Amino acid sequence: MLSDLFSLQGKVAIVTGCNTGLGQAMALGLAKAGAKVVGVNRSEPAETIQLMQQSKAQFLDIRADLQKQESIPLILEKTLTEFGQVDILVNNAGIIRRNEALNFTEQDWDDVMDVNSKTAFFLSQAVAKQFIKQEQGGKIINIASMLSFQGGIRVPSYTASKSALMGLTRALANEWAKYNINVNAIAPGYMATNNTKALREDEQRNADILARIPAQRWGKPNDVVGPCLFLASDAANYVNGYTVAVDGGWLAR
């Protein structure tokens, strides 16, 4: 049946940064499609846990500081102990620091790069090794950004990290496709999340952004769920190294 192409029944998905926003929406979407979900967060994802319970989904809560790579083996160990396998990784966790490039600090540069690109790479590496061990392939979905394509303003380390993530998506797809591992990315446009609160509250910036979006609205977390489910499913078995823009037409303008 056609629906089987998109079913995630029996799959295990790790989603980083799923306590709010895009990560929460994708984690819930994966669970509703049949996946058992492992949420990796620095703090307790209380709302996500509650929503998972309401959906009667199987959810494993793991706490980890993703600025440090030392937690990666523990994430895999706990996942395998609880569910016995891993099939999907969504590298969603990310942070942003805003300041003029002339005044940007080394600490703000390193913090953002560590979470957004370095940990994403090493977690992908660890999960890919497990995929190869399981001999059934797997799916890795990186959450990139409009700033993977553009320069942005006052976010030099975020732009660098998300540009790196899109390049990394291509590089890992090139190396791992032979193992039946699909590595792709989603580049959300301007989404109504915690990260964009300051922009939405700035009357002029908000107006400028909306004027550029053909859909004439900010994106919602649920807007990324469909693309995530597609890339995590068998429907995307021959999609490798591609970044899907979910932007209301921003890049087409």
Side-chain angles (χ1 to χ4, degrees), residues 8-19 22-24 26-31 33-45 48-49 52 57-95 111 113-144 161 164-165 168-169 171-186 228-229 231-234 236-237 240-241:
L8 301 179
Q9 200 66 42
K11 302 292 186 181
V12 177
I14 297 174
V15 183
T16 64
C18 64
N19 56 341
L22 304 186
Q24 182 184 83
M26 289 186 288
L28 289 167
L30 291 164
K36 302 168 186 175
V37 177
V38 179
V40 182
N41 299 279
R42 188 170 186 173
S43 57
E44 181 184 13
T48 302
I49 291 172
M52 287 289 183
Q58 290 184 262
F59 180 73
L60 176 62
D61 173 25
I62 296 178
R63 306 292 165 70
D65 181 358
L66 293 177
Q67 282 188 312
K68 302 172 183 176
Q69 288 71 56
E70 291 86 346
S71 60
I72 291 173
L74 185 62
I75 293 169
L76 264 293
E77 180 184 335
K78 287 186 175 182
T79 298
L80 297 175
T81 298
E82 182 73 15
F83 295 130
Q85 66 188 64
V86 59
D87 306 284
I88 301 158
L89 169 64
V90 181
N91 282 311
N92 172 71
I95 62 174
D111 287 349
M113 294 299 290
D114 281 348
V115 175
N116 295 9
S117 56
K118 185 176 180 179
T119 293
F121 169 72
F122 284 106
L123 183 53
S124 296
Q125 181 190 71
V127 169
K129 288 178 179 179
Q130 181 61 30
F131 287 163
I132 292 168
K133 184 178 179 180
Q134 293 171 181
E135 299 183 337
Q136 294 182 332
K139 313 286 186 181
I140 296 175
I141 303 166
N142 294 320
I143 304 305
S161 69
L165 200 56
L168 188 62
T169 298
L172 298 184
N174 287 340
E175 291 197 35
W176 295 347
K178 64 185 177 184
Y179 299 114
N180 197 28
I181 297 171
N182 300 79
V183 185
N184 292 288
I186 296 170
C228 178
L229 296 182
L231 292 175
S233 72
D234 287 346
N237 281 349
N240 296 78

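Every value quoted in this text rests on a predicted model; they were computed, and no experiment measured them.
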Tyr179, OH: over 12 other non-hydrogen atoms inside 6.0 angstrom: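 No.
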If only atom types and distance count, is the side chain of [X] paired as donor or acceptor with the main-chain N or O of [Y] below 3.5 Å?
{"X": "Asp87", "Y": "Ala13", "answer": "no"}
{"X": "Asp65", "Y": "Gln67", "answer": "yes"}
{"X": "Thr119", "Y": "Leu66", "answer": "yes"}
{"X": "Asn92", "Y": "Gly17", "answer": "yes"}
{"X": "Thr169", "Y": "Ala185", "answer": "no"}
{"X": "Asp114", "Y": "Asp111", "answer": "no"}

I need the minimum non-hydrogen distance between [X] and [Y], along with the two atoms involved.
{"X": "Leu8", "Y": "Ala232", "result": "CD2-O, 3.5 Å"}
{"X": "Gly23", "Y": "Val15", "result": "O-CG1, 3.9 Å"}
{"X": "Asp61", "Y": "Pro45", "result": "OD1-CD, 3.4 Å"}
{"X": "Lys139", "Y": "Asn237", "result": "NZ-OD1, 2.5 Å"}
{"X": "Gly94", "Y": "Val115", "result": "CA-CG1, 4.0 Å"}
{"X": "Phe83", "Y": "Val37", "result": "CE1-O, 4.2 Å"}

In the structure I gave you, are the side-chain heavy atoms of [X] and [Y] within less than 4.5 Å of one another anywhere?
{"X": "Gln24", "Y": "Asn41", "answer": "no"}
{"X": "Val86", "Y": "Gln134", "answer": "yes"}
{"X": "Ile186", "Y": "Val90", "answer": "no"}
{"X": "Leu76", "Y": "Leu123", "answer": "yes"}
{"X": "Arg42", "Y": "Thr16", "answer": "no"}
{"X": "Ser117", "Y": "Leu168", "answer": "no"}
{"X": "Val38", "Y": "Lys36", "answer": "no"}

Can you tell me how far apart [atom1] ([X]) and [atom2] ([Y]) are? Round to the nearest 0.5 Å.
{"X": "Met26", "Y": "Ile141", "atom1": "CE", "atom2": "CD1", "value": "8.0 Å"}
{"X": "Gln125", "Y": "Gln130", "atom1": "CD", "atom2": "CD", "value": "13.5 Å"}
{"X": "Phe59", "Y": "Leu30", "atom1": "CZ", "atom2": "CG", "value": "11.5 Å"}
{"X": "Asn240", "Y": "Asn184", "atom1": "CG", "atom2": "CG", "value": "6.0 Å"}
{"X": "Ile140", "Y": "Ile88", "atom1": "CD1", "atom2": "CD1", "value": "11.0 Å"}
{"X": "Ile132", "Y": "Asn180", "atom1": "CD1", "atom2": "CG", "value": "11.0 Å"}

Evaluate side chain to side chain contact (heavy atoms under 4.5 Å, CB included) for Leu89 paired with Ser124, printing each intermediate quantity in order. CA-CA 7 Å; Leu89 169 64; Ser124 296; 3.8 Å; yes
In this structure, which one of Asn182, Val183, Ile181 forms a side-chain contact (heavy atoms from CB on, under 4.5 Å) with Leu172? Val183
Assess whether side chain to side chain contact (heavy atoms under 4.5 Å, CB included) is satisfied between Leu165 and Asn116, documenting all intermediate values. CA-CA 8 Å; Leu165 200 56; Asn116 295 9; 6.0 Å; no
With side chain to side chain contact (heavy atoms under 4.5 Å, CB included) as the criterion, how do Leu28 and Met52 come out once you've worked through the C-alpha distance, each side chain's angles and the decisive distance to 0.1 Å? CA-CA 7 Å; Leu28 289 167; Met52 287 289 183; 3.9 Å; yes
